[in-house]
Amino acid sequence: MTSSFPTYACFEVSLEDGVAHLQLSRPEARNSMIPEFWSELPAAVNELSDSGEARALVVSSTGRHFTAGMDLSVFTQPDSLFSGGSDADSESRGAPEFGRVRAETRNLALTLQESFSCLEKARMPVLAAVQGGCVGGGVDMVCAADMRYCTGDAFFCIQEINIALTADLGTLQRLPRIIPDGLARELAYTGRRLTADEAMAAGLVNRVYADQEAMLEGVLEIAGEIAERSPLAVWGSKEMLNYTRDHSVADGLNHVATWQAGMFHPDDMAEVFAARTESRDPVFQNLLPIRRTL
């Protein structure tokens, strides 16, 4: 089954046989994250998750680099919160008072964080396929994915420290839970590039491929395997893994018991056993669409 999606400035989206594919589509600009990116990404991911049709999501890119991170226009446009100028000057021009401006800065950070957190909250697993540079916001994004894969020429860079910023969109919160804490700190403090081989050794990526074509073929194949499983069981597995990451073992065991009390029914298991007896692939219902309105 295929589905059609809106036209986006930053992405191409497709869905076939339960596998969604979201591609960053501005290779001429190294797929930098322009203002439209921050609303389009959660809109596309939430639509896929809400529909119930997507059972796995591959996030990839086009061109030489996965992404150069935040586009410079975000920092330099006149009305940007990053554009500089003293608060005293702002007040003299009749702009909002200091505390209100700082509160809005916090709200902006929370909004941008959600653009990547949507990957973590999606009901289907997210597989990130990285080629070339994955810089700044790109690291924030792939850290929110379930799994990461890359090409041999890929590198990862916490670019924020190199432009005198503290990374604030998820890298510093998620990366130390994926790779050793000391390595995460080294990358955060120095802004150096982490090569594909280092990323593989540290556990940031599951596999390194020779080139982008081989990577996409391999990652889409893994996504296809996921799509063949019960989407309810896969969603439950993702929920439990995310919950356990941030809670004790005892909390996690209690949570999965509660989940099973409400979500476990034998229909999908019966379908698996019937399919084995009949020498066929099991067929599972999609998740029900999420209703956002009454």
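Everything numeric here is computed off the predicted structure, so don't read it as measured data.
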Open item on the list: Please check this pair: side chain of E120 against backbone of A144, looking for a donor-acceptor N/O pair closer than 3.5 Å.
Closed with: no
Open item on the list: Under the criterion side chain to side chain donor-acceptor pair (under 3.5 Å), I'd like the reasoning laid out for N46 against R292: C-alpha separation, chi angles, the key distance, then a yes or no.
Closed with: CA-CA 11 Å; N46 290 337; R292 298 290 180 179; 5.1 Å; no
Task: Side chain T277, main chain F273, donor-acceptor under 3.5 Å - done: yes
Task: Electrostatic pair R280:E271 at N-O distance under 4.0 angstrom - done: yes
Task: Euclidean distance, R148 CZ relative to C134 SG, rounded to 0.5 Å - done: 10.0 Å
- [ ] Give a yes or no answer on whether the side chain of K238 reaches the backbone of M124 with a donor-acceptor pair at less than 3.5 Å.
- [x] yes
- [ ] Specify the closest pair of heavy atoms between Q285 and P231, including all atoms of both residues, with the distance to one decimal.
- [x] O-CG, 3.2 Å
Task: Pairwise distance CD(Q173) to CG(D246) - rounded to 0.5 angstrom - done: 11.0 Å
Task: Closest non-hydrogen atom pair between R174 and S117, with its separation - done: NH2-OG, 3.0 Å
TODO: For residues A227 and D17, report the shortest heavy-atom separation together with the two atoms involved.
DONE: CB-O, 4.0 Å
Task: ILVMFWY cluster, I34 and L112 together (side-chain gap under 4.5 Å) - done: no
Task: V208 reachable from L220 in the ILVMFWY side-chain graph, under 4.5 Å edges - done: no
Open item on the list: Surrounding CD of E28 (heavy atoms of other residues, nucleotides or ligands, distance under 6.0 Å), is the total greater than 12?
Closed with: yes
Open item on the list: Take a 6.0 Å sphere around CZ of R245 and say whether it holds more than 12 heavy atoms from other residues, nucleotides or ligands.
Closed with: yes
Task: Chi angles and distances behind the salt bridge (charged side-chain N to carboxylate O under 4.0 Å, His left out) call for R192, E198 - done: CA-CA 12 Å; R192 75 166 179 87; E198 285 184 286; 3.0 Å; yes
Open item on the list: As a quick check of understanding, evaluate side chain to side chain contact (heavy atoms under 4.5 Å, CB included) for V130 and V142, giving each step before the final call.
Closed with: CA-CA 9 Å; V130 177; V142 302; 3.9 Å; yes
Open item on the list: Please determine whether side chain to side chain donor-acceptor pair (under 3.5 Å) holds for the pair T151 and D211, giving the CA-CA distance in whole Å, both sets of side-chain angles, and the decisive distance to 0.1 Å.
Closed with: CA-CA 5 Å; T151 57; D211 54 44; over 6 Å; no
Open item on the list: Closer than 3.5 angstrom, by distance alone: can the side chain of N31 be matched with the main-chain N or O of H65 as a donor-acceptor pair?
Closed with: yes
Task: Charged tip of R193 within 45° of F155 ring normal and under 6.0 Å - done: yes
Open item on the list: So, taking the atom named CD in E53 and the one named CG in L48, what distance separates them when rounded to the nearest 0.5 Å?
Closed with: 9.0 Å
Open item on the list: Please check: side-chain N/O of S279 versus main-chain N/O of A275, any donor-acceptor pairing under 3.5 Å?
Closed with: no
Open item on the list: Hydrophobic clustering (ILVMFWY, side-chain heavy atoms < 4.5 Å, transitive) - are L241 and V234 grouped together?
Closed with: no
Task: F5-F11 aromatic ring centre distance below 6.0 Å - done: no
Open item on the list: Could you tell me if the side chain of L127 sits less than 4.5 Å from the side chain of L57, heavy atoms only?
Closed with: no
Task: L175/I158 under side chain to side chain contact (heavy atoms under 4.5 Å, CB included): CA gap, chis, key distance, verdict - done: CA-CA 10 Å; L175 188 60; I158 303 177; 3.9 Å; yes
Open item on the list: Main chain of W235, side chain of R123: is a donor-acceptor contact present, judged purely on distance under 3.5 Å?
Closed with: no
TODO: Keeping the roles fixed (side chain from N162, backbone from G191), state whether a donor-acceptor pair exists under 3.5 Å.
DONE: yes
TODO: Decide yes or no on side chain to side chain contact (heavy atoms under 4.5 Å, CB included) for F264 and M269, but give the supporting numbers first.
DONE: CA-CA 10 Å; F264 174 70; M269 288 184 64; 3.5 Å; yes
TODO: Taking all heavy atoms of I161 and all of A188, pick out the closest pair and write down the distance.
DONE: CB-O, 3.3 Å
- [ ] Decide whether F156 and I179 are clustered together by the hydrophobic rule: side chain heavy atoms of Ile, Leu, Val, Met, Phe, Trp, Tyr closer than 4.5 Å, transitively.
- [x] yes
Open item on the list: Donor-acceptor check, side chain of S61 to backbone of F66, threshold 3.5 angstrom: yes or no?
Closed with: yes
- [ ] Grab the two heavy atoms, one from Q212 and one from G63, that are nearest each other, plus how far apart they are.
- [x] OE1-O, 3.8 Å
Open item on the list: On a heavy-atom basis, which atom in A196 and which in V205 lie closest, and how many Å separate them?
Closed with: O-CG2, 4.4 Å
Task: Any donor-acceptor pair under 3.5 Å from S49 side chain to A122 backbone - done: no
Task: Verdict with reasoning, T67 to R30, per side chain to side chain donor-acceptor pair (under 3.5 Å) - done: CA-CA 6 Å; T67 178; R30 296 182 298 174; over 6 Å; no
Task: CG-OG1 distance between L253 and T258, expressed to the nearest 0.5 angstrom - done: 11.0 Å
Open item on the list: Applying side chain to side chain contact (heavy atoms under 4.5 Å, CB included) to L41 and M141, what does each step give before you reach the verdict?
Closed with: CA-CA 10 Å; L41 178 62; M141 180 161 62; 3.9 Å; yes
Open item on the list: Quick check against the 3.5 Å criterion: does E40 have a side-chain atom that pairs as donor or acceptor with the backbone of A9?
Closed with: yes
Task: Nearest-0.5 Å distance, CZ of residue R207 to CE of residue M200 - done: 8.0 Å
Open item on the list: Counting only heavy atoms not in E239 (residues, nucleotides, ligands), do more than 12 fall under 6.0 Å from its CD?
Closed with: yes
Open item on the list: Assigning hydrophobic clusters by single linkage (Ile, Leu, Val, Met, Phe, Trp, Tyr; side-chain heavy-atom cutoff under 4.5 Å), is L172 placed with I178?
Closed with: no
Task: Atom pair OH/CZ of Y8 and F37 - distance to nearest 0.5 Å - done: 12.5 Å
